[in-house]
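Note sheet for the following structure.
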Amino acid sequence: MQDTLNTFQKIASELLEDESQNPVADFIPSDELYQQLDLSLQKEAIPQETFEKALKELVFKTPRTATRAFFNQLFGGRNEKAVLGELLAVLLNNSMYTYKAAGPQIGVEKVILRNVCDLLGWNENADGTFAPGGSMTNYMAMVMARDAVDSAAPYQGVQQKMTVYTSTESHYSIPKNAAFCGIGRDQVRYVPTNDFGQMNAEALKAMITEDVAKGFTPIMVNATAGTTVLGAFDPIEPLRAICDAHQMWLHVDGAYCGSVLFSEAYKHLIKGASTVDSFSFNAHKMIGTPLSCSIIVAKDKKHLYNSFSNDASYLYQTDHDEFNLGKTSLQCGRRNDALKFWTLWKRVGTNGLQEIVDHQFALADVAREYIRSNDDYTLYSYDESISVCFNYKDIPARDLCTALYEQEELLVGYGSFRKEEFIRLVTINAQNNQEDILQFFKVLENFVETHEHLLVQRVNQ
Ligand SMILES: *Cc1c(COP(=O)(O)O)cnc(C)c1O
């Protein structure tokens, strides 16, 4: 194992060194991948040297998500305190279903969940779990909502025509999950938003009333904290009142920006979160842990047990349910996603997590200010969002983003809201500073100046 660790250390050091010089990896068109890289598997073993060479080549050609040129996704950067925990979790290789198999790592997970519940103002009745991503935590919320309304559903299957409500700007996992839950994609109602991309509560109310009149059973409203494109926050308080009136479950999908929970300055964006039935967020997005680290907490833990526990005498042989986390999780074998969050939180404190979140908003302010003070740009997103959406010199966003990627300058994506398509700059990498954001615009502007022929060509195509 020591040799292997040395190999790791060597490749990792070389990668870090190269990243600092070349923040964007070489672009390999997908149709040339197998010609450019030897990914083949063969019958015979290969010499260590050949193996290391192939491995290094693969690592070096892989998109670099931790650098100051990566703004493409709702994650980015490399938080070393969290990476340390993740590397150790891999070495330890526990499975989180029982205390017997994971020991104190169970405590690590429970302490995080307890602290998250405390931040929401929830008592000992609340609990939660980790799942492999926001799509999965949203899925768990929908299962709990379904079973809360109809306790026979997990046994007899869904008998009623149930409906769920989510905004037109919400994540695509909601219809997928409705399919998985037996509710059906066609029973997902997309509630229109206001000009800021937030769910329109009045429209929601009317849609529910109409569905009830048609004989549907409305079971859940999904409120988004940080929509995928604009980074908008649905207003929780009016949604709570509507859910109360119809005995519906209220879930907050905070995969993207639910971590504002850690910030005194920005938690007003999820005002009312203490009143929801379940709340999920991805620590691998705003908090910056490695993928994946997604948490869901439920205000009343009985729903977690009702929907996710199954007796298994071959597994649960010792200790209380409370320390056998398999009783409330989606999976059986489950990797330790908690340790990376714990190493970070332990080291920097809750105040340190707040600084991470606040810094991302400060970087977004820098970007918006730059855009507003420069006539070549048009801004489409709003304050208090870390998604900064804009266009430059009326160049079609998708052309510019694709050219920047293929020419190995920047990785940034585009999105749309209503009729406009625009570049979406996500300031989620907390290792970036103000200069890195200004540098982003500089690189973009220089690129346009020197590649005008290329961009014009694309537009004409
Ligand atoms: C990213 C995201 C998800 C999905 O999370 P994964 O971890 O990618 O599965 C769900 N909802 C929102 C709002 C997101 O931004």
Side-chain angles (χ1 to χ4, degrees), residues 63 65 70-77 82 86 128-143 145 164-181 188 190-191 193 196-199 220-236 239 250-261 266 269-270 273 276 278-297 329-331 334-335 337-338 340-341 357 360 364 381 384-389 413-417 424-429:
T65 63
F70 183 83
F71 299 96
N72 202 61
Q73 242 72 44
L74 305 181
F75 71 90
E86 179 72 330
T129 186
F130 285 62
S135 300
M136 286 294 109
T137 42
N138 283 342
Y139 174 64
M140 295 183 81
M142 200 180 288
V143 172
V164 303
Y165 303 79
T166 194
S167 90
T168 51
E169 298 305 303
S170 65
H171 192 255
Y172 72 88
S173 57
I174 306 301
K176 257 171 65 169
N177 292 336
F180 300 161
C181 285
V188 177
Y190 296 96
V191 185
T193 64
F196 299 97
Q198 303 165 304
M199 189 189 287
M220 164 183 172
V221 173
N222 174 69
T224 309
T227 57
T228 314
V229 175
L230 290 182
F233 292 78
D234 289 338
I236 295 172
L239 303 187
L250 179 56
H251 172 64
V252 170
D253 171 8
Y256 180 18
C257 296
S259 300
V260 294
L261 181 62
Y266 292 96
L269 295 168
I270 51 167
V276 307
S278 57
F279 183 96
S280 60
F281 69 100
N282 282 353
H284 68 254
K285 286 183 171 170
M286 275 191 126
I287 299 296
T289 71
L291 283 136
S292 60
C293 189
S294 187
I295 290 172
I296 179 165
V297 284
S329 70
L330 191 62
Q331 305 116 281
R334 188 163 61 92
R335 77 189 300 283
D337 284 331
K340 56 195 162 198
F341 194 4
V357 170
Q360 293 162 17
S381 55
E384 302 205 307
S385 160
I386 63 163
S387 292
V388 182
C389 303
Y414 56 90
S416 61
F417 179 62
R424 182 191 61 172
L425 168 66
V426 184
T427 58
I428 203 160
N429 178 352

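All values reported here derive from a predicted model rather than from experimental measurement. Remember, it's 1-based here, ligands and their atoms both numbered in the order they're listed.
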I428 side chain near M286 side chain, heavy-atom distance below 4.5 Å: yes
I'd like to check which ligand 1 atoms, numbered from 1 as shown, lie under 4.0 Å from a non-hydrogen atom of S135. 4 (C), 5 (O), 6 (P), 9 (O)
Atom 13 (C) of ligand 1 - nearest protein heavy atom and its distance: D253 OD2, 3.4 Å
Distance filter under 4.0 Å to G226 heavy atoms, resulting ligand 1 atoms: 13 (C)
N282 contact mode with ligand 1 (heavy-atom cut-off under 4.0 Å): side chain
Polar contact flag for S173 and ligand 1 (N/O pairs, less than 3.5 Å): no
Check whether any side-chain N or O of S381 sits under 3.5 Å from a backbone N or O of C389 as a donor-acceptor pair, and report yes or no. yes
Heavy-atom contact under 4.0 Å between H284 and ligand 1? yes
Under the salt bridge (Lys or Arg N to Asp or Glu O under 4.0 Å) test, which residues partner R334, sequence neighbours left out? E109
Proximal ligand 1 atoms for G134, defined as those under 4.0 Å from one of its heavy atoms: 4 (C), 5 (O), 6 (P), 7 (O), 9 (O)
Under a 4.5 Å cut-off applied to non-hydrogen side-chain atoms, are S387 and V229 in contact? no
Smallest separation among heavy atoms of N222 and S170, with atom names: ND2-CB, 4.2 Å
With a cut-off of 4.0 Å, which atoms of ligand 1 are near a heavy atom of L74? 15 (O)
Beyond-backbone contact of F70 with N429, side-chain heavy atoms, under 4.5 angstrom: no
At less than 4.0 angstrom from any non-hydrogen atom of A255, what atoms of ligand 1 do you find? 2 (C), 3 (C), 10 (C), 11 (N), 12 (C), 14 (C)
Does the side chain of T228 come under 3.5 Å of the side chain of H171 through a donor N or O and an acceptor N or O? no
Show which atoms of ligand 1 fall inside a sub-4.0 Å distance from at least one heavy-atom site of H171. 2 (C), 3 (C), 4 (C), 10 (C), 11 (N), 12 (C), 14 (C)
Ligand-residue contact atoms, ligand 1 with K285, heavy atoms, under 4.0 Å: 1 (C), 2 (C), 3 (C), 5 (O), 14 (C), 15 (O)
Is there a side-chain contact between I287 and V357 (heavy atoms, below 4.5 Å)? yes
